[in-house]
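Counting starts at 1 for both ligands and their atoms, following the listed order. All values below were derived from every heavy atom in this structure, side-chain atoms included, with hydrogens, water molecules and symmetry-related copies excluded.
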Amino acid sequence: MDEAILAASNKHPKPDGKVFQYGTAGFRMKANLLDSVVFRVGLIAALRSRKLGGQTIGIMITASHNPPEDNGVKLVDPMGDMLESSWEQYSTELANAANEDLVKVYRKLEQDLRIDPATPAKAIFARDTRASGPALVKALVNALKESGTEYTDYGLLTTPQLHYLTRCTNTEGTPQSYGEVSEKGYYEKLSEAFVRAMDGKTTKGALTVDCANGVGGPKLKELLKYLPTTVDGGLQINVINDDVLNPDSLNSECGADFVKTKQRSPPSSKAASNDRCCSLDGDADRIIFYFNDPEHGFRLLDGDKIATLAATFIGDLTRAARLSDELRIGVVQTAYANGASTNYVEKTLGFPVVCTPTGVKWLHHAATKFDVGVYFEANGHGTVVFSPQALKAFYTTKPESPAQATALNTLQALSELINQTVGDALSDMLLVETILAHKVWTPREWDTTYIDLPNRLVRVEVNDRNIFKTTNAERKLVEPHGTQQQLDSLVAKFKDGRSFARASGTEDAVRVYAEAATRSEADDLARQVAALVR
Ligand code: NG1
Ligand code: ZN
């Protein structure tokens with residue numbers, strides 16, 4: 001087998017002098033540099049699967065919101081969560097092994113991790129719509145074959161669909177079964193749960209969905225075939241930016257990242273004032289909502305607003321279901337969450353807020369400490385996770401009134417509708433539609449639940465971003481020495497000022513975030529902190 005792996009790896013040689021790192025989003029870079037990395041990720045999947053007694057590992061080839069010429073690859077653990085942190089290091093090691101040492105490093109990992117090479121290995125994989133995807137799939141398949149890994153190629157999928165299928169595959173035929181192991185099973189699960197959660201309520205007007213010209217487009221259109229139409233009180237959806245034939249259009253002038261960073265609708269949107277709109281990102285694991293207010297212009301309903309909406313609704317339901325004393329609801333955010341949202345959750349809703357470092361795996365982990373853990377990054381990546389106790393309470397509590405029965409029924413439906421493995425734009429979209437329908441809210445009513453503090457996010461190019469070391473969920477700098485004191489004294493000059501600087505995990509830059517009482521003060525503070533770290 002070693003000779004076969006070596007021979008195959010020689011067809012996917014590592015480019016000279018390139019250093020790779022498994023970061024918050026796996027490996028991500030210009031697609032033409034990825035061939036060797038994807039091959040080696042295939043080998044890691046084999047090791048990981050064998051280490052876990054032959055459970056199936058997921059592999060997703062995508063670069064999410066990055067430009068079309070980029071691509072990336074990430075691994076999914078058996079329950080559909082992100083690869084366990086300690087394995088990021090092993091992946092990095094194998095990706096950086098010299099061509100001639102590859103088999104040696106592979107076998108050494110196998111030995112060090114006490115992996116029995118005789119254990120069967122299984123993997124499933126999918127890709128987004130990028131033009132570079134099929135060639136990278138070939139590299140992956142070569143590694144899976146030569147490492148003796150049994151695999152299923154699911155073709156094009158959204159990232160959360162691959163997470164769903166990974167979990168379904170590993171729980172099939174057990175009491176923890178997560179759903180039917182097929183793409184169709186995903187649509188059926190979502191649509192059945194949606195109809196049940198809506199409980200006869202209807203949405204008002206259409207929702208315009210911008211699919212970033214990515215894989216979310218065809219998958220949303222597929223999902224719509226399973227959902228009830230407006231005639232039976234279902235959804236009215238206008239799909240835009242669903243061109244997957246022209247690869248250059250991906251994430252171009254559209255998509256969640258464009259809308260969030262440019263603070264404007266995609267130019268292609270024909271939505272009228274006050275119309276509900278949302279944008280997915282390139283692999284449909286992020287979603288943000290927005291609308292154009294005739295008085296105040298563009299209004300963004302970001303991940304913070306989705307989190308507060310979900311926490312409010314689930315909080316109301318648990319009270320109506322008489323479960324609020326036994327179930328702990330909490331919200332997990334990162335330092336990028338707007339201060340007004342944190343304040344709203346703690347003071348108005350009365351739920352605890354936990355702050356974690358950037359990266360969904362941290363948020364997800366913290367959310368599982370609650371019975372109902374609502375987590376969203378401000379950029380729209382997130383979901384709600386339910387503890388086994390919460391699920392048990394939803395399904396076994398004997399209702400003593402019709403109102404309690406209804407609330408329990410809706411909670412059960414939500415636990416099916418919400419993707420428990422990872423943030424899922426399609427599932428989150430249906431969740432928001434459900435809540436707005438129940439509350440009979442327009443986006444404007446949702447928007448006015450609290451008012452965001454003006455804020456500014458700046459990307460600062462520095463010589464070496466690795467000198468910036470943080471603590472306290474990335475909110476304080478410990479290195480370079482003295483910088484935090486200077487930052488603190490800048491912040492002190494601004495009313496409601498808050499600012500932090502951290503090295504990006506996905507780009508070669510430092511990000512500076514600032515918020516303050518007014519727009520100009522937030523801009524000013526961001527500028528001053530950027531100058532400090534530059
Ligand atoms: P970095 O580059 O580490 O700031 C960005 C996003 C994260 C997360 C990751 C993974 C911001 C400020 N940061 O991380 O929220 O989504 O990419 O894609 O949006
Ligand atoms: Zn994404």
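Near S504, meaning under 4.0 Å from any of its heavy atoms, are these atoms of ligand 1: 1 (P), 2 (O), 3 (O). Of all atoms in ligand 1, listed by their number and element, those nearer than 4.0 Å to a heavy atom of R502 are 1 (P), 3 (O), 4 (O).
At the top of the distance list for atom 4 (O) of ligand 1, counting protein heavy atoms only, stands R511 NE, 2.6 Å. Protein heavy atom nearest atom 7 (C) of ligand 1, with residue, atom name and distance: T358 CG2, 3.4 Å. The nearest protein atom to atom 8 (C) of ligand 1, hydrogens excluded, is given as E377 OE1, 3.3 Å; this is a heavy-atom distance.
Contact annotation: T159 places no N, O or S atom under 2.8 Å from the Zn ion (ligand 2).
Note on D281: its N/O/S atom closest to the Zn ion (ligand 2) is OD2. Nearest N/O/S atom of D285 relative to the Zn ion (ligand 2): this is OD1. Of all N, O or S atoms in D283, the one lying closest to the Zn ion (ligand 2) is OD1.
The shortest N or O to N or O distance between R286 and ligand 1 is not below 3.5 Å. Taking any N or O of G505, backbone or side chain, at least one lies under 3.5 Å from an N or O belonging to ligand 1. Checked by distance only, ligand 1 and N379 come closer than 3.5 Å through their nitrogen or oxygen atoms.
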For this session: Apply ring pair (Phe, Tyr, Trp, His ring centres under 6.0 Å) to the pair H364 and Y375, showing each step before the final yes or no.
Result: CA-CA 7 Å; H364 188 98; Y375 76 84; 5.4 Å; yes
For this session: Determine, stepwise, if the pair T483 / Q486 fulfils side chain to side chain donor-acceptor pair (under 3.5 Å).
Result: CA-CA 5 Å; T483 309; Q486 290 172 287; 4.6 Å; no
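Ion pairing between a basic and an acidic side chain is recognised when a charged N comes within 4.0 Å of a carboxylate O; R534 and E461 show no such pairing. A salt bridge is absent between D70 and R130; no separation between the charged side-chain nitrogens and carboxylate oxygens falls under 4.0 Å.
Using the six-membered ring where Trp is involved, Y513 and Y336 have ring planes that are perpendicular, over 60° apart on the 30 and 60° scheme. Ring geometry for F27 versus F20: interplanar angle over 60°, hence perpendicular rather than tilted (30 to 60°).
A donor-acceptor pair is defined here as one N or O able to donate and one able to accept, closer than 3.5 Å; such a pair exists between the side chain of K14 and the backbone of K18.
Between Y164 and Y178, the distance from one ring center to the other falls under 6.0 angstrom.
Y290 pairs in a side-chain contact (heavy atoms from CB on, under 4.5 Å) with only one of the listed residues (V259, D302, D275, T208), which is V259.
For T506, heavy-atom contacts with ligand 1 shorter than 4.0 Å involve the backbone as well as the side chain. Only the side chain of Y336 comes within 4.0 Å of ligand 1, counting heavy atoms alone; its backbone N, CA, C and O stay farther away.
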